[in-house]
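Single-structure report; data block below.
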Amino acid sequence: MSAFLAIILLALAVWLVPIFYRRWHINYRRAQALTQEQLQLLKETLPLYQHLNSNQQQELCSNIALFLHDKEFVGCDGLQVNEKMKVAIAAHACLLLLGRKNECYPNLYTILLYPDTYVAHETHREGYIETARHSAREGEAHYRGPVVLSWGDLDEDLENPQRGHNVALHEFAHKVDEEDGYFDGRPLFEKSNDGANWAEVMSREFHRLRQRAEFGQFPGDSPSVLDLYGAQSPAEFFAVATESFYTIPVAMRSLHPELYNELSNFYRLDPASLVGGNRRIKPGL
């Protein structure tokens, strides 16, 4: 009997120790303060930081500290990765986690950085037919795998936020999207009823963008700030919408109010109001 009990206790220890260690590790790393250099780089590469309240700033810095320690940054094609690159990427990745329970992308271990737009090998299967080609890319997010980014393109995005593009936000939106096990444009909500209007709003806006991509803007149709790349799939639409939500929030809220509200509810943030716009539009209005 004592031997059987010992086996049970051992099995519980084998199961529980990694869980408790992971929790301890996350809390310990989040408690580490950013260096003065990292904090300055954060302010320079993420202007939204200065508009956050003190609690949000602390939460963001804590997740950045965890991200910087746990993720490996690998330079490709001769790129020498520096602290600015690391902090800029970590800041935008962790911005998407603000206010939500998370373990800071636990299935992500590596970020591959290219100096500029790079060429990737792409394979497409349709039935028994397989085609392969090379395509130029600014970034990509692999399911349960690494994130690949072009630093040249991200640096240009940071210099020109008014264009509404940010490849880091785009690719890490895909990593947020995969939390429920799928790249499908519907991220994981803490409570099932949190996303009650998500499917209706996203579907309507997605099909509106697809029509614009195929036929152009119809007479009387309101302008859009969303990149037409989002018309490729619901997953790409979510990533493109996330870019606009953070980079040009006032314009997005004005032209896509329902979509803005859905993203605001999910990301627990109202960036349009933070940067000086009027108060947010209530859902359904």
Side-chain angles (χ1 to χ4, degrees), residues 45 67-68 70-81 84-97 102 104-126 130-161 163-188 202 206 209-210 213 226-247 263 267:
T45 58
F67 190 100
L68 291 174
D70 277 10
K71 317 306 179 188
E72 180 184 14
F73 292 80
V74 178
C76 303
D77 284 357
L79 179 67
Q80 296 296 314
V81 179
K84 177 182 178 180
M85 298 174 186
K86 293 180 181 179
V87 171
I89 292 167
H92 287 85
C94 294
L95 181 63
L96 304 187
L97 306 177
N102 69 88
C104 199
Y105 305 101
N107 296 307
L108 172 66
Y109 304 99
T110 309
I111 294 94
L112 303 177
L113 278 177
Y114 283 84
D116 213 328
T117 303
Y118 60 95
V119 177
H121 184 76
E122 185 177 276
T123 301
H124 177 71
R125 293 182 178 84
E126 186 172 346
E130 178 179 300
T131 58
R133 64 174 184 174
H134 290 87
S135 62
R137 297 183 182 178
E138 296 181 10
E140 56 190 303
H142 295 268
Y143 180 76
R144 305 279 183 179
V147 167
V148 188
L149 296 170
S150 157
W151 171 252
D153 287 292
L154 176 56
D155 195 31
E156 187 175 347
D157 293 338
L158 298 178
E159 291 292 328
N160 302 278
R163 299 186 312 182
H165 298 301
N166 186 296
V167 65
L169 288 173
H170 184 105
E171 300 308 336
F172 279 97
H174 284 314
K175 301 305 284 185
V176 169
D177 188 14
E178 79 168 21
E179 288 177 356
D180 64 350
Y182 304 95
F183 279 142
D184 59 1
R186 182 182 176 89
L188 183 64
M202 299 296 279
F206 172 61
L209 190 65
R210 290 194 69 177
L226 301 176
D227 193 308
L228 294 179
Y229 186 74
Q232 292 199 7
S233 68
E236 294 298 346
F237 179 80
F238 172 62
V240 162
T242 295
E243 288 183 80
S244 296
F245 176 74
Y246 284 105
T247 57
L263 292 170
Y267 284 121

Query raised in the report: What are the two closest non-hydrogen atoms of Pro234 and Asp184, and how far apart are they?
Result: CB-O, 3.4 Å
Query raised in the report: Using 30° and 60° as the class limits, which term best fits the ring planes of His174 and His170: parallel, tilted or perpendicular?
Result: perpendicular
Requested in this report: Please report the shortest heavy-atom distance between Ala235 and Asp177, naming the atom on each side.
Outcome: CB-OD2, 3.8 Å
Report task. Determine, step by step, whether Phe237 and Leu226 satisfy the side-chain contact (heavy atoms from CB on, under 4.5 Å) criterion, reporting the C-alpha distance in whole Å, the side-chain angles of both residues, the deciding distance to 0.1 Å, and the verdict. Result -> CA-CA 9 Å; Phe237 179 80; Leu226 301 176; 3.6 Å; yes
Query raised in the report: Under 6.0 Å from the CZ atom of Arg210, do we count more than 12 heavy atoms belonging to anything else shown?
Result: no
Requested in this report: Might you point out which heavy atoms bring Ala90 and Phe67 nearest each other, and give the distance in Å?
Outcome: CB-CD2, 3.5 Å
Report summary line: NZ of Lys175 to CG of Leu97, rounded to nearest 0.5 Å, is 12.5 Å
Report task. Would you indicate whether the side-chain heavy atoms of Asn166 and Leu154 approach each other to under 4.5 Å? Result -> yes
Query raised in the report: Are any non-hydrogen side-chain atoms of Asp153 and Tyr114 less than 4.5 angstrom apart?
Result: no
Report task. Would you indicate whether the side-chain heavy atoms of His165 and Thr247 approach each other to under 4.5 Å? Result -> no
Query raised in the report: Heavy-atom count around Tyr143 OH within 6.0 Å, excluding the residue itself: above 12?
Result: yes
Query - Leu113 and its side chain to side chain contact (heavy atoms under 4.5 Å, CB included) partner, picked from Asp77, Val74, Ile89, Val148 - result: Ile89
**Report entry** Donor-acceptor pair, side chain of Glu178 and main chain of Arg144, under 3.5 angstrom
**Finding:** yes
**Report entry** CG on Leu149 to OH on Tyr118, rounded to 0.5 Å
**Finding:** 7.5 Å
Query raised in the report: How many angstroms lie between atom CG of Leu169 and atom CG of Leu96, to the nearest 0.5 angstrom?
Result: 5.5 Å
Query - Result of checking Asp157, Asp155, Asp116, Val167 against Ser150 for side chain to side chain contact (heavy atoms under 4.5 Å, CB included) - result: Asp116
Query raised in the report: Does any non-hydrogen side-chain atom of Val81 lie less than 4.5 Å from one of Trp151?
Result: no
Query raised in the report: Which distance, rounded to the nearest 0.5 Å, do you find between the CZ of Arg186 and the CG of Asp180?
Result: 8.5 Å
Query raised in the report: Which atom names give the shortest non-hydrogen contact between Phe238 and Pro187, and what distance separates them?
Result: CZ-CG, 4.0 Å
Query raised in the report: Side-chain contact, heavy-atom cut-off 4.5 Å: His92 with Leu158?
Result: yes
Query - Phe172 and Leu95, any side-chain heavy atoms less than 4.5 Å apart - result: no
Query raised in the report: Could you state the interatomic distance from CD (Glu156) to CZ (Arg163), rounded to the nearest 0.5 Å?
Result: 4.5 Å
Query - Validation row: Lys71, Tyr105 side chains within 4.5 angstrom (heavy atoms) - result: yes
Report summary line: Between the CG atom in Asp227 and the CD atom in Gln232, the distance rounded to the nearest 0.5 Å is 9.5 Å
Report summary line: Between Ala173 and Ala239 the two heavy atoms that sit nearest each other are CB-CA, 3.8 Å
